[in-house]
Enquirer: 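Here's a structure for you.
Quantities reported herein were computed from a predicted structural model and do not represent experimental measurements.
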Amino acid sequence: MSSEILRLFVFISCFTGVFCITLEPSPIANSQRYSSLVFKCSLIKSWTSAVFTFENINIAFLINLNNESCRNFADPNPGLYQTSCDINSSTINLTINNVTDDDDRKYIECRSNFGNVEETVSTTINVQYPPTSPPSITQIPNGPVIEGNKITLICNITGGNPLASIVWKCIGFTNISQIGNNKTAVSVIERVVTKDDDGKRCTCVISHPLLDAEKAVTSTLDVYYSPSSSSIVQTPLSPVNPGTMLIITCEIQGGKPLAAISWQCKGSTPISPTGNPITGVSISSVRLKVNIDDNGDVCMCVGSHPVWKKHQIYNLTLSVRKPVTNVTFTPANYNNVISVEDGVNETFTCTTDFSDLIALIQWYFDGQNITSQAIPQPPLMNSGKFISSSKLIYTGKEEDINKKIYCEAVSIEGEYSVQSTVQSIYILFGPKSINLSPAGNLYIVTEDNGINILILCAAKCRPDCNYTWTGPNGFREHHFSLELNSVNRNQTGLYMCQAKNDYGSQTSNSINIVVNYAPTILRLQSFQSNNVDEHQSVTFQCEVDSKPTPDITWIHSTTGTVLNKVDKVFKSNFTIHKTECLQTGTYRCQASNVIGDMLKTAYAEINLFVLCSARMDQRRKEAPDIVSIMENDELNITVYLIAYPIPMITWTTRNSETGIISLVKVNNSFSISEHSSTLSIRKISKSDYGSYTMNASNNIGLQYIKSFEVIPQDPPDQPTDILVACEITSMIVLWRSGFNGGSQQKFRVAWLNIRNQNTKYSPDIMDSGLGQTIQYIIKSLEPSTSYIIYVEATNKRGVVKSGNLNCITRSSLSQSNNTVAISVGASIGSSILILIIAVLVVLFLRKRPCNKEENSQLYQSTYPDTSRQKTTIDQHTYDELQTIKTGSNPEYEEANSVSTYEEIGIVNLGSYYQNAIKDNKESIQRHETSPVYANTQT
């Protein structure tokens, strides 16, 4: 219909009052999910107003054609929908921006009013969307289906508007229904299955206008059907000999699933059943070893299958031959023992009973087959039955005593055999070997432990033997046992047992009985006097008696030191070639041996006295020459000495103010050669400060003198010999530690940036000892900057500061010079700089005065009322210093850390300070020679 005809139709309808307004689309507005839907309401007459109603939402427009106005009296949500009007065409429009499932089946109305007349037109929204879930197939009945039964397949898919279409791809099935509801599409097919339907694939195909592609789901049919044939066989075939191992196999061909097989076969052992779905054969076997009694028995193979209503049974009848059942050995004596004299022949015969088979007679002697030595006899036949026999001539031998002999009849056509009674050969002979119990040829016992020895002697003799024991010191006893009670050292020796009868004699191996006893020191002596001069030689000799041979150990009992050990000797010498003072003491000769699992020990001791003058005990830490102590503190000075004989010890003191020398009361402790002397002042006063001297003498050699200076505690000495070398962003500071003032001191390095007047300090650096060189590396400095550096020393009495040194860090611009020029210049400059530094340090050290009070400068201590004079600080400037070091703090490095100076090559500047400060007071030094020992033993 053309637009002009449509206009005419609408105009006539409106003029006659039948139809006045139109709504497009109508009566159904189809829209896909999440798309926009536009509604247009056209007014044909000059109505005064028109309204859109969307369910409960009103969107009002007043249209007045007289003044051509269009006004919206509603406040719609522009995010959900939009409205508009057109005066010229007398239309109003509604747009739903996002159609969702919630909008489905909702209605849209357009109402128009003129006076009291109202007309309404409406349309319903139909939201279209694809199915929400995949299709599925349900089989009834579920699982495998037996052939001849009906199977039903149901395909369904949920969701979608409109509902999806379902098409089956499954040959031979009948489509019985296409049902569903407004939410689910369903299709049902069915068929009576046959064997040929097994494995058939039925596919349900789903289509929908809004799906890009069809969806499909497939179900594979599983049909059970009956086997086609069966069989039961045995290997080997009947008849068989007794003892034959049969394999009976039952096969059932075809069917799904494969048939299950069970057995009713007495005495059989099942073999793992097998089934091959590819060939469609179910196989089961049993293993059965038949005997005579199995003849005529029936073995049944029972098959079962889901299609069969009852089990299928397949029978196999066993056929077994009768072999030999008995064989007789002659002669047969009482208790199956045959007496044979050595070297005499004896004839043995074996004969079978009647059987279906001819038997082969086998002979066995001492477990060995000796049939080749027998004489076979021709078989006898009677009424189809056979008797077999064989003869054997045996010559008696001594070594065959108690050996077994028997015969065995073996069926020629099979492996079935029967054995005769076993006969024992009894040979008369003399003893062949002697057994001692307990076994062993060595007995080691300990004297005086009340130990008894019992040894039994036995031999194989026919008839029984008589026994005789012989031993040391004429020992002889006619008995099979040797019994020694409370064994002592006089019973040490070899023992033997003799066995004898009328057919021979035999003597056992020797039994060695060893009686052990603990060591005894027979003699310990010195070849010289026990009192010897220092550096004189002395030899000790020790003799021991024991069994087993002892180990001799020489021990310095005074100190517990093991001097020497000699294994497995009865006599040992120990020599000190050059005696020393500390070798005074008691010396022990210790002898030991092991008896059983016990260590036995004996020892004797001898004294040695080495005459020596008094001297300091070098094993002890020497007390310092200068002792700094605060007033009212306790003073203790201990001197450890060695000397023999005991020295006389005196202490004197010289008052620092009056110069008076007086004796001092001290505490002395004496031993044989090690002594100590302690000066103790519980609460020291000013009058106690001064010099103290200890004298020790025992009229052997020179007297020993040791002096001490007791002074008040003070602040530490000023750090000296300061050296500073600057690089671009780092510098190294070195100094020498002075006297610590009598208490622990520590150091701190300070550096002042001249440019920004900022002073920084290092962490505390602990003292490493008087006169030791300490170094500290500062990092993170500014290039081309002047710094003032000094070192502080601190103890609990105060703080002192060294003189100031200046250092300027190098410019970073020097890094950009030509690489070749730097390398050549650095090599030449470094060599010259090293030489200059070495000359300056040597000249400086030579020029320094030995007296610490000369060439000094005044400084003020932070401790009240204290000031002292110290040496000035030499200043050294290094133009080039590069440090390679890994550290955790980028600003500074720990003191005494290991660094590498690449260009200048300074390894240890502290070596230039060696012997720069020497103490004016020297202790008497004694050089002791280490002892030399020599040992001889016999």
Enquirer: Any sub-3.5 Å donor-acceptor pair from Q368's side-chain atoms to F365's backbone N or O?
Expert: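 Pair absent, no side-chain N/O of Q368 close to backbone of F365.
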Enquirer: List the steps and the verdict of side chain to side chain contact (heavy atoms under 4.5 Å, CB included) for I292 and T325.
Expert: CA-CA 10 Å; I292 298 173; T325 59; 4.0 Å; yes
Enquirer: For the pair D366 (side chain) and K404 (backbone), establish whether a donor and an acceptor sit closer than 3.5 Å, ignoring hydrogens and angles.
Expert: no
Enquirer: Does NZ belonging to K215 count more than 12 external heavy atoms closer than 6.0 Å?
Expert: yes
Enquirer: Are the side chains of I387 and T351 in contact, using a 4.5 Å heavy-atom criterion?
Expert: yes
Enquirer: Heavy atoms, side chains only, cut-off 4.5 Å: are H478 and N466 in contact?
Expert: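 Side-chain contact under 4.5 Å: no.
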Enquirer: What's the spacing between D293 CG and L318 CG if we round to 0.5 Å?
Expert: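 Result: 12.0 Å between the selected atoms.
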Enquirer: Less than 4.5 Å apart, side chain to side chain, heavy atoms only: is that true for Q373 and W363?
Expert: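 Contact flag for Q373/W363 side chains = no.
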Enquirer: Flag yes if more than 12 heavy atoms outside K150 fall under 6.0 Å of its NZ atom; otherwise flag no.
Expert: no
Enquirer: Between D294 and N291 (side chain of the first, backbone of the second, donor and acceptor by atom type, cut-off under 3.5 Å), is there such a pair?
Expert: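 Yes; judged by distance alone, with no hydrogens or angles, the pair exists.
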Enquirer: Would you call the rings of F329 and F348 parallel, tilted or perpendicular, taking 30° and 60° as the class edges?
Expert: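 Answer is tilted, since the angle falls between 30° and 60°.
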Enquirer: Write down the atom of N501, the atom of G430, and the distance for their closest heavy-atom approach.
Expert: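 That closest heavy-atom pairing would be OD1-CA, 3.4 Å.
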Enquirer: For N593 versus P550, what's the shortest heavy-atom pair and its separation?
Expert: CB-CA, 4.3 Å
Enquirer: Is there a donor-acceptor contact under 3.5 Å from the side chain of D551 to the main chain of K568?
Expert: yes
Enquirer: Rounded to the nearest 0.5 Å, how far does OG of S388 lie from CG of L360?
Expert: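 One gets 8.5 Å once the value is rounded to the nearest 0.5 Å.
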Enquirer: Take V240 and S319 through the test side chain to side chain contact (heavy atoms under 4.5 Å, CB included) and record every step on the way to the result.
Expert: CA-CA 6 Å; V240 296; S319 177; over 6 Å; no
Enquirer: Are I166 and C204 packed together at the side-chain level, in the sense that at least one heavy-atom pair is separated by less than 4.5 angstrom?
Expert: yes
Enquirer: Under 3.5 Å, is there a donor-acceptor pair between the side chain of N326 and the main chain of D353?
Expert: no
Enquirer: Got a sec, which pairs hit salt bridge (charged side-chain N to carboxylate O under 4.0 Å, His left out) with one end in residues 223-235, sequence neighbours left out?
Expert: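 Every pair satisfying salt bridge (charged side-chain N to carboxylate O under 4.0 Å, His left out) with a residue in residues 223-235: there are none.
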Enquirer: Give a yes or no on whether the backbone of I176 and the side-chain of T174 come within a donor-acceptor separation of less than 3.5 Å.
Expert: no
Enquirer: Would you give the length of the straight line joining atom CG of L456 to atom OG of S481, rounded to the nearest 0.5 angstrom?
Expert: 6.0 Å
Enquirer: Does atom CG of L442 have more than 12 heavy-atom neighbours, drawn from other residues, nucleotides or ligands, at distances under 6.0 Å?
Expert: yes
Enquirer: Tell me the closest heavy-atom pair linking P331 and I338, and the distance in Å.
Expert: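 Closest approach of P331 to I338: O-CD1, 3.9 Å.
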Enquirer: Restricting to non-hydrogen atoms, name the atom on S546 and the atom on P548 that form the minimum distance, rounded to 0.1 Å.
Expert: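 Closest approach of S546 to P548: OG-O, 2.9 Å.
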Enquirer: So with a 6.0 Å cut-off around NZ of K547, is the heavy-atom count from everything else above 12?
Expert: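 It does not: K547 NZ has 12 such atoms or fewer within range.
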Enquirer: Under 3.5 Å, is there a donor on one side chain and an acceptor on the other for T194 and D196?
Expert: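 No - no donor-acceptor pair under 3.5 Å links their side chains.
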Enquirer: Does the side chain to side chain contact (heavy atoms under 4.5 Å, CB included) test come out yes or no for I140 and I154, once each step is laid out?
Expert: CA-CA 8 Å; I140 300 176; I154 303 172; 3.8 Å; yes
Enquirer: Under a 3.5 Å threshold, yes or no: a donor from one side chain and an acceptor from the other, between S417 and Q419?
Expert: no
Enquirer: Looking at side-chain heavy atoms only, is the closest gap between I595 and N516 below 4.5 Å?
Expert: yes
Enquirer: When you look at S262 and Q264, which way does the side-chain hydrogen bond (donor to acceptor under 3.5 Å, both in side chains) test go after all the steps?
Expert: CA-CA 7 Å; S262 61; Q264 295 181 12; over 6 Å; no
Enquirer: If you measure only the distance, is there a donor-acceptor pair under 3.5 Å linking the side chains of S339 and N333?
Expert: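 Per modelled atom types, S339 and N333 side chains form no pair under 3.5 Å.
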Enquirer: Considering non-hydrogen atoms only, spot the tightest contact between A409 and V327 and give its length.
Expert: CB-CB, 4.4 Å
Enquirer: Tell me which donor-acceptor pairs under 3.5 Å the side chains of residues 245-259 have, and how far apart each pair is, sequence neighbours excluded?
Expert:
residue : atom : partner : partner atom : Å
T249    : OG1  : S285    : OG           : 3.0
E251    : OE1  : Q253    : NE2          : 3.2
Q253    : OE1  : S229    : OG           : 2.7
Q253    : OE1  : S230    : N            : 3.4
K256    : NZ   : D198    : OD1          : 2.6
K256    : NZ   : D198    : OD2          : 3.1
K256    : NZ   : D222    : OD1          : 2.8

Enquirer: With rounding to the nearest 0.5 Å, note down the distance linking CG in N485 to CD in Q491.
Expert: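 N485 atom CG to Q491 atom CD measures 8.5 Å (nearest 0.5 Å).
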Enquirer: When C265 is tested against each of L288, L316, V298 for side chain to side chain contact (heavy atoms under 4.5 Å, CB included), which residue passes?
Expert: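 Passing option: L288.
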Enquirer: Just by modelled atom types, is the A332 backbone N or O under 3.5 Å from a matching donor or acceptor in the T330 side chain?
Expert: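 Such a contact is absent between T330 side chain and A332 backbone.
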Enquirer: State whether the number of non-hydrogen atoms from other residues, nucleotides or ligands found under 6.0 Å of H479 atom NE2 is greater than 12.
Expert: yes
Enquirer: Using the side chain to side chain contact (heavy atoms under 4.5 Å, CB included) criterion, which residues pair with N142? Sequence neighbours excluded.
Expert: none
Enquirer: Is the shortest side-chain heavy-atom distance between K600 and P519 below 4.5 Å?
Expert: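 Yes, side chains in contact.
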Enquirer: Return yes if some donor-acceptor pair links the side-chain N/O of T158 with the main-chain N/O of S133 below 3.5 Å, else return no.
Expert: no
Enquirer: For the residue pair S187 and W168, confirm or rule out a side-chain donor-acceptor distance under 3.5 Å.
Expert: yes
Enquirer: Checking the side chain of W469 only, and the main-chain atoms of M496 only, is there a donor and an acceptor separated by less than 3.5 Å?
Expert: no
Enquirer: Indicate whether the side chain of T468 and that of Q498 have a donor and an acceptor atom separated by less than 3.5 Å.
Expert: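 On atom types as modelled, these side chains do not qualify, holding no pair under 3.5 Å.
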Enquirer: Is the backbone N or O of C407 less than 3.5 Å from a side-chain atom of S420, with the two atoms forming a donor-acceptor pair by type?
Expert: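 Yes.
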Enquirer: Within a reach of under 6.0 Å around CG of N336, are more than 12 heavy atoms found that belong to other residues, nucleotides or ligands?
Expert: yes
Enquirer: Would you compute the distance between atom CD1 of I455 and atom CG of L484 and round it to the nearest 0.5 angstrom?
Expert: 7.0 Å
Enquirer: Nearest heavy-atom pair of T549 and V569: which atoms, and what distance?
Expert: CG2-N, 3.3 Å
Enquirer: Just grab all the salt bridge (charged side-chain N to carboxylate O under 4.0 Å, His left out) pairs involving residues 389-399, residues at least two apart or on different chains.
Expert: E398-K432
Enquirer: Please round to the nearest 0.5 Å and tell me the distance separating atom SG of C457 and atom OH of Y495.
Expert: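 So the SG of C457 and the OH of Y495 are separated by 15.0 Å.
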Enquirer: With sequence neighbours left out, which residue pairs that include part of residues 266-276 fulfil the salt bridge (charged side-chain N to carboxylate O under 4.0 Å, His left out) condition?
Expert: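 Non-adjacent pairs meeting salt bridge (charged side-chain N to carboxylate O under 4.0 Å, His left out): K266-D297.
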Enquirer: Using a cut-off of 6.0 Å, state whether more than 12 heavy atoms not belonging to L599 lie near its atom CG.
Expert: yes
Enquirer: Of all residues at least two apart in sequence or in a different chain, which pass the side chain to side chain donor-acceptor pair (under 3.5 Å) check with Y394?
Expert: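 Per chain and number, Y394 pairs via side chain to side chain donor-acceptor pair (under 3.5 Å) with D400.
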Enquirer: Is any side-chain heavy atom of N452 closer than 4.5 Å to one of L454?
Expert: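 No. Closest side-chain heavy atoms not under 4.5 Å.
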Enquirer: Just so I know, are the side chains of S136 and N156 near enough to count as touching, which here means a heavy-atom distance under 4.5 Å?
Expert: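 Yes, side chains in contact.
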